[in-house]
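Here the structure is laid out as structure tokens; the discussion comes afterwards.
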Amino acid sequence: MNRRNLIKQLGLSIGATVIGSEAMARLADGTLVYEIPKNPLHKRIDKPVTAITLGAGNRGNVYGNFAAKFPDQLKIVGVAEPIPIRNERYATKHQIADANRVDTWERIFDRPKFADAIIITTPDNLHYGPCMKALAMGYDVLLEKPIAPTEKECRDILALAKKTGRIVAVCHVLRYAPYFVKMRELIANGAIGEVMSVQHLEPIEHLHMAHSYVRGNWHNSKQTTPIILAKSCHDLDIVKWIINKPAKQIVAMGDLKWFKKENAPEGSTARCTDGCAIERSCPYSAIRSYYDKRLRLGVFDLPEDKSKQPEAIMEKLRTTNYGRCVYRMDNDQPDHYITNIRFGDSVTASFSMEAFTSYSGRRTRVMGSMGDMVGDMTELMITDFRTGKQSKMVPAAEDVEGYKSDGHGGGDWPLAHDFVQAVAQQNPKLLTSTIDASIESHIMGFMAEESRKKNKIMDITM
Ligand SMILES: NC(=O)c1ccc[n+]([C@@H]2O[C@H](COP(=O)([O-])OP(=O)(O)OC[C@H]3O[C@@H](n4cnc5c(N)ncnc54)[C@H](O)[C@@H]3O)[C@@H](O)[C@H]2O)c1
């Protein structure tokens, strides 16, 4: 029996605990199962919010799938996407009129406003232009992170959002994940006394690193954004969010150490498909990842006919970056990166982003005056120093659609839901990740990168 059904059977009235604000169910082994209550500000809306998606790739489809699942909340009425098969599939799924399908974001703004909101899920270096244009034309915006590649552009977007009074929701999806919502609530309620420090780890997992930051779209920091923003603006943001104090100083170190030409093994070739002598034993082999294990195939736009997929995968490995040797790319993103941060009230945090792990899933330890908590995005263990009592907590959300697959602890769709409600009610208070609330952690990221490059401690001023 899964946890959701178990909770239903037990009934959530099984007794409020001293730890959380809402009732929780208790499993036979003593584990507490919590559910995050629905946002009390949500209202029934008469007609769905309409939106235009810019970039119908991975993230464009995450929010598109929310619209497909909840048509009473969100309707996608336009799309800008240059890859024909993505444009076609997206338009078909959402029944988008031909007149509202274009190849590039600029063309959406050649016409008068024709929706309530713009969803910006283009690559990192194509956030600023469309966001500024959308705000100037009176659209509300769901903006993928990172906000923009430079501090100045982030501040420009914030200033224009304020000037126009439009909503900009930044996709800091971890703020909507039940696990982190609960962690923040417990801290705010004093479950571990006064917070002293936080230790946070983002284990990227070695194949995810190879896929996205060595071979993939984020392999070159100059063409996208430095990895501390591209990958870990989430981490800086969530650490800041749970501590809930201003960041004062930051220092960072880290390098690209492994995925470099000098580490290319003897007998390796430019592509894994070129007859590489060590391909079968290489942990980063593209053939093993994509062809043998069929991992992360979303980037390949494979034909729907399954019998044609194996050859299509091999063709992609022969022709795209995804088939290139990890040691022979033009990548520059660090593969290990550490950051220390001093917050207000003498709270400190240390954060590590690590490529070389066999596992993924963020790990966080929070140390308080009266207890501590240790979590891995599924379980949260709290120890009370006064009683020695330990409480293990898990979210009830594990069988909610998207919870396991989104990699964000189930935060993607709750964010989409809050955004839709914020637009429908014209009330940004429904969101926890408006641009005002999100910009500070981006500034932390820019300062971390400057610290790493200049080898000095940076003051953070907002
Ligand atoms: N919130 C998160 O946790 C999270 C996770 C992954 C990615 N992201 C961010 O979301 C954004 C999109 O990432 P993705 O994984 O979906 O990438 P993706 O490559 O799958 O999708 C981006 C899409 O934009 C399209 N595009 C390129 N140029 C365009 C143009 N001129 N006009 C319109 N569309 C254009 C591409 O063809 C592609 O389909 C990035 O900024 C990324 O950093 C956020």
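Quick caveat, the model's predicted, so the values are computed rather than measured. Ligands are counted one by one from 1 in listed order, and the atoms in each one are counted from 1 as well. Side chains included, hydrogens not; waters and symmetry mates left out as well; all remaining heavy atoms used.
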* To do: Indicate, as side chain, backbone, both or neither, the part of Val299 found under 4.0 angstrom from ligand 1 when only non-hydrogen atoms are considered.
  => neither
* Asked: Would you say Glu106 touches ligand 1, if touching means a heavy atom closer than 4.0 Å?
  -> no
* **Criterion side-chain contact (heavy atoms from CB on, under 4.5 Å) on Trp413 and Phe70, from CA distance to verdict** => CA-CA 10 Å; Trp413 283 8; Phe70 303 102; 3.8 Å; yes
* So, does Pro82 sit close enough to ligand 1 that a heavy atom of it is under 4.0 Å from the ligand? -> yes
* Report yes or no: does Thr224 contribute a side-chain atom to a donor-acceptor pair with the main-chain N or O of Asn220 at less than 3.5 Å? => yes
* Structure fact -> Short version for Thr224: what comes under 4.0 Å of ligand 1, heavy atoms counted, is neither
* Structure fact -> Ranked by distance from atom 9 (C) of ligand 1, the top protein heavy atom is Lys145 O, 3.3 Å
* Asked: Which residue holds the protein heavy atom closest to atom 25 (C) of ligand 1, what is that atom called, and what is the gap in Å?
  -> Glu81 OE1, 3.2 Å
* Pick one of side chain, backbone, both or neither for how Thr104 approaches ligand 1, counting any non-hydrogen atom pair under 4.0 Å. => both
* Polar contact flag, side-chain donor to acceptor under 3.5 angstrom, Asn331-Arg215 -> no
* To do: Write out all pairs satisfying side chain to side chain donor-acceptor pair (under 3.5 Å) with one or both partners inside residues 74-83, taking only residues at least two apart or from two chains.
  => none
* Per-residue contact class, Arg59 against ligand 1 - non-hydrogen pairs under 4.0 Å -> both
* **Residues which pass side-chain hydrogen bond (donor to acceptor under 3.5 Å, both in side chains) with Lys222, listed by chain and number, not counting sequence neighbours** => Asp332
* Report yes or no: does a heavy atom of His172 sit under 4.0 Å from some atom of ligand 1? => no
* What residue and heavy atom of the protein are closest to atom 11 (C) of ligand 1, and at what distance? -> Thr122 O, 3.3 Å
* **Proximal ligand 1 atoms for His408, defined as those under 4.0 Å from one of its heavy atoms** => 2 (C), 3 (O)
* To do: Would you confirm whether Asp274, through its side chain, and Thr269, through its main-chain N or O, come within 3.5 Å as a donor-acceptor pair?
  => no
* Does Ser451 reach the main-chain N or O of Met447 with its side chain, forming a donor-acceptor pair under 3.5 Å? -> no
